[in-house]
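Below is one structure; the comments refer to it alone.
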Amino acid sequence: MAKKKKHIAVLTSGGDCAGLNAAIRAVAHRAIEGYGWKVIGIVEGTRGLMERPLRYEELTLRIFTGAVLRMGGTILGTVNKGNPFAFPMPDGTVKDRSDDFVDGFKQLGLDALIGIGGDGSMKILGRLAEKGGIQFIGIPKTIDNDVAFTEFSVGFSTAMSVAVGALDCLQPTAASHGRVMILEVMGRDAGHIALNAGIAGGADVILIPEIPYNVDRVCDKIRRLQKSGRNHALVVCSEAIQFAGGKVSQTHVDGEVRYGGVGHILGEQIARETGAETRVTVLGHVQRGGSPNGRDRLLASAFGVAAVDLIAAGKTQRMVAWQHRDVVDVPLDEVVTRCSTVDVNGALVRTARGLGICVGD
Ligand code: F6P
């Protein structure tokens, strides 16, 4: 009897980033061209399978003829709230709607699922897959680069390049006006974007959540620069750095707590203590929305192909990862118990210190 053609689904989950479309494209190419399977794109992450009518579209190679590889965002849409296990209902209660997801998956007659997401999404998707007996492979993506067991997640490299580009734009205007420029970048509780971009973009001060900062040390550095004759300085800070009052966050109308705004506090502190004129740029979602750079396209492509190959090999509850110049796969249950933050004794912190950059301590 002829072997049944597999029908696999792919979805993007959590905050978007550059390179998601490149990953979707790679999944489609490998599954359709390599194995002759059918690929279904689920719309808006887990939502597409929870809602009725179900929201999905078949992904044919015609969709990927040229532009998609280069496009930011995700052609499938995504959500970063609405956990199916604790779904917020209109009446203010939360409901376990995981059965809706599993039922939706079964209704479509799917054989396997590839989920492109960060650590939070991996946890939820892995749990849903376990509940529904669904063959599942994860592809790590996040500008924060905090997914464990992978050196790089899709989207990080582009976000870092955007932050370097911002520093390149800030330096000349800082020098023209003799100002201290503060650039606040995203990254949640991991300082990878700030540290990488700060070094590559010639920052004088880099503040990351992993190293509690002492404002006196920061101001000492600015004063030393002033004494040496430099009329300007570049400061990069992660959105979740800890100042004396804790981390700066806001609760939005949807009840979600998001970081942001600490750059302004820092700017005022520096201005008050050093007399320098300060200006603050909060880079925000600019880091997420652009076209993926070459490295992210490459990583997304390698991950997409490997994820499909793992499905073909009958593997489940694994995540593809980049380690030592290669794609490997790691157990999802281990990935979700860890978070990869900056190693405060690692090469990049040592590099920053070696360059004379103040890291806040
Ligand atoms: O996790 C990615 C990320 O961009 C964080 O760096 C940031 O704190 C958060 O998402 C912003 O989320 P939202 O898209 O909900 O504003």
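Start at 1 and go down the list; that is how both ligands and their atoms are numbered.
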What residue and atom, counting heavy atoms only, is the protein's closest point to [atom], and at what distance?
| atom | result |
| --- | --- |
| atom 1 (O) of ligand 1 | Asp144 OD2, 2.7 Å |
| atom 3 (C) of ligand 1 | Arg288 NH1, 3.5 Å |
| atom 9 (C) of ligand 1 | Arg188 NH2, 3.6 Å |
| atom 7 (C) of ligand 1 | Glu239 OE2, 3.4 Å |
| atom 15 (O) of ligand 1 | Arg258 NE, 2.7 Å |

Q) side-chain hydrogen bond (donor to acceptor under 3.5 Å, both in side chains) between Gln171 and His232: does it pass, once the steps are laid out? A) CA-CA 8 Å; Gln171 190 277 329; His232 68 284; 3.2 Å; yes

Presence of salt bridge, [Y] and [X], under 4.0 angstrom:
| X | Y | value |
| --- | --- | --- |
| Asp220 | Arg223 | yes |
| Lys247 | Asp189 | yes |
| Asp99 | Lys131 | yes |
| Asp204 | Arg224 | no |

Tightest non-hydrogen contact, residues Leu266 and Ile182, listed as CD2-CG2, 4.1 Å

So for Glu256 against ligand 1, with non-hydrogen atoms under 4.0 Å, the contacting part is neither

Under 4.0 Å between heavy atoms, the region of His285 that gets near ligand 1 turns out to be side chain

Open item on the list: Taking Ser157's backbone N and O only, do any of them form a donor-acceptor pair with Arg295's side chain (distance below 3.5 Å, no angle check)?
Closed with: no

Under 4.0 Å from one or more heavy atoms of Asn80, ligand 1 contributes atoms 12 (O), 13 (P), 14 (O), 15 (O)

Please check whether Gly187 reaches ligand 1 - meaning an N/O of the residue sits under 3.5 Å from an N/O of the ligand, judged on distance alone.
yes

N/O separation below 3.5 Å, Tyr259 to ligand 1
no

